[in-house]
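Take a look at the structure below.
Numbered from 1 within each chain, the chains take letters A, B, ... in sequence-line order. Remember, it's a predicted structure, so these values are computed and weren't measured experimentally.
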There are 2 protein chains.
Amino acid sequence: MNSKFASDKPADNLSCHHGNRGSCSTCRLAELCIPIALKIEDINKLESIVHRGRPIKKGDHIYREDEEFKSIYAVRLGSVKTYLMTNDGREQVTGFYMAGEVFGMDGVASGIHETSAVAMETSAICAIPFERLEELGTLIPSLQRHMFKLLGQEITEDQKLITLLSKNSADERLAALFLSLSQRCKAIGLSPDNIILPMSRSDIGNYLGLTVETVSRVLSRMQKKEVIRIDNKELSILDMDALRAITNYSDY
Amino acid sequence: MNSKFASDKPADNLSCHHGNRGSCSTCRLAELCIPIALKIEDINKLESIVHRGRPIKKGDHIYREDEEFKSIYAVRLGSVKTYLMTNDGREQVTGFYMAGEVFGMDGVASGIHETSAVAMETSAICAIPFERLEELGTLIPSLQRHMFKLLGQEITEDQKLITLLSKNSADERLAALFLSLSQRCKAIGLSPDNIILPMSRSDIGNYLGLTVETVSRVLSRMQKKEVIRIDNKELSILDMDALRAITNYSDY
DNA sequence: CGACCGCTTGATCATAATCAAATTTTGTGG
DNA sequence: CCACAAAATTTGATTATGATCAAGCGGTCG
């Protein structure tokens, strides 16, 4: 399954820490990432500032809360979660990011990361220094526009999550998350109804404002109703319509 | 038709009702709004694109969900709430905005407003056409940076609300909201412990993911404990420390 | 191998939702 | 400005959802 994420470039590029000409322009995920907004010559400018990181292991951090905000990041391969620490020491998961998705925009406001980002599985991450991106943004209007869009997307996503947490039951929240993951898998060419969940039950519950026990019970319930089949990390959506019905056809 | 403003009249509206071209540079709220990032000559450029609206009445909309996204807005006077309609026809309040605060950035991603914005009391709103702002952003780096910050702030705020909804009890949510309002009042030179709430109980509950009844009960409880005194719209914070204690000293 | 971790399931409890009704405030037309 | 209707708020009684407490299972990794 993850072989579908295989890099379009040989492994030696993965271990190259600095910009690789050709990487963004040939990246299969470009349409989800930043370069979509750019013309060929502008992509070259962008590439000159992008750092393609070597693979990082499950549990490795990309950045930590309270660190200086320097870059935003794109998931090239794998998946990442972001989370923050509440004042009473509990963790709050604030987002899951899959291949092609951009994260790390918290910190734009204050210059300090408000969350930590950690790989949920072996992943490869592109880092894009934000200062350089700002400089480029003033030179390339379509890049500036795309940056605004990325930030705007994050806002839209967050507001949907707020609505979900504020208005929906445990079952509805789970169903909405699964539909979201399904769509996002589809968008990068993976099966929309056969998903390997990179996150733990506890992460899911945390993200959705539920306890692990509740998550587990909801999953069992959905399985009994033959809406999904779930075996450890492997989620199969058996009845997409039923899942949509559970969410009240929300657009989360 | 007069629920909308500014944009029905194009350029001549600039030297309008309050007839003051020097508006941004003399605005008491500038430090909270956009101009703080700018040099004098840049403020003039900004002012040339800002539309200062005439006062709007309670209940008037600034924009509605699904309308084309054209401008972002700053509250000059009064207060505004934003909300969206869930697919099952319920309202979800997504934000309260007071004088000096900027709203309307939902819509940056899709070009369509994802929320509606309505005045909670008689208000005056400045509209700033986003396209012009983008153009200026490429000319004035500090403006671009400030735009990023505004969007980033919205993200940070939303993530705090997510955490609040996900982790905190009814009492904690109310206390956190009151502290936030208190700080924001203070920031614009109003009393931090004597606040006129522009929003209804129902709006508060909606925003915090609680029913009206729960909000009412929490208020009664806090009043009995002499942490606050609340008389209709008039909130007095009697014991700021107790309020902070209720929130577990969260930084919401 | 064994301790630990993640997950599941069961029993009980607590918080906030829901249902219901009284009361206050607000808005409107005369 | 008043009277009345409508809307908002408060309070109470009951219920339901999900949290908490508890226990057991299965896999993993040192």
Going by modelled atom types, is there a donor-acceptor pair between the base of C/dG10 and the side chain of A/R217 at under 3.5 Å?
-> yes
Should B/K58 be listed as having a side-chain N or O under 4.0 Å from OP1 or OP2 of C/dG27?
-> yes
Mind checking A/N232 for me? I need base, sugar-phosphate or nothing, with any heavy atom below 4.0 Å counting as a touch.
-> nothing
Looking only at side chains, do A/D241 and A/Y249 share a donor and an acceptor under 3.5 Å apart?
-> no
For DNA chain D, whose closest nucleotide is more 5', that of B/V212 or that of A/T214?
-> B/V212
Which part of the nucleic acid does B/S200 contact within heavy-atom distance under 4.0 Å: base, sugar-phosphate only, or nothing?
-> sugar-phosphate
Does C/dG6 have OP1 or OP2 sitting under 4.0 Å from an N or O in the side chain of A/K233?
-> no
Mind checking A/G209 for me? I need base, sugar-phosphate or nothing, with any heavy atom below 4.0 Å counting as a touch.
-> sugar-phosphate
Presence of B/S202 side-chain N/O under 4.0 Å of D/dA8 phosphate oxygens OP1/OP2 = no
Can you check whether B/T211 has a side-chain N or O nearer than 4.0 Å to OP1 or OP2 of C/dA17?
-> yes
In terms of the angle between their ring planes, are B/Y73 and B/F103 parallel, tilted or perpendicular, with boundaries placed at 30° and 60°?
-> parallel
Under 3.5 Å, is there a donor-acceptor pair linking the side chains of B/D193 and B/S191?
-> yes
Of D/dT10, C/dC7, D/dG18, the nucleotide closest to the side chain of B/S220 is D/dT10
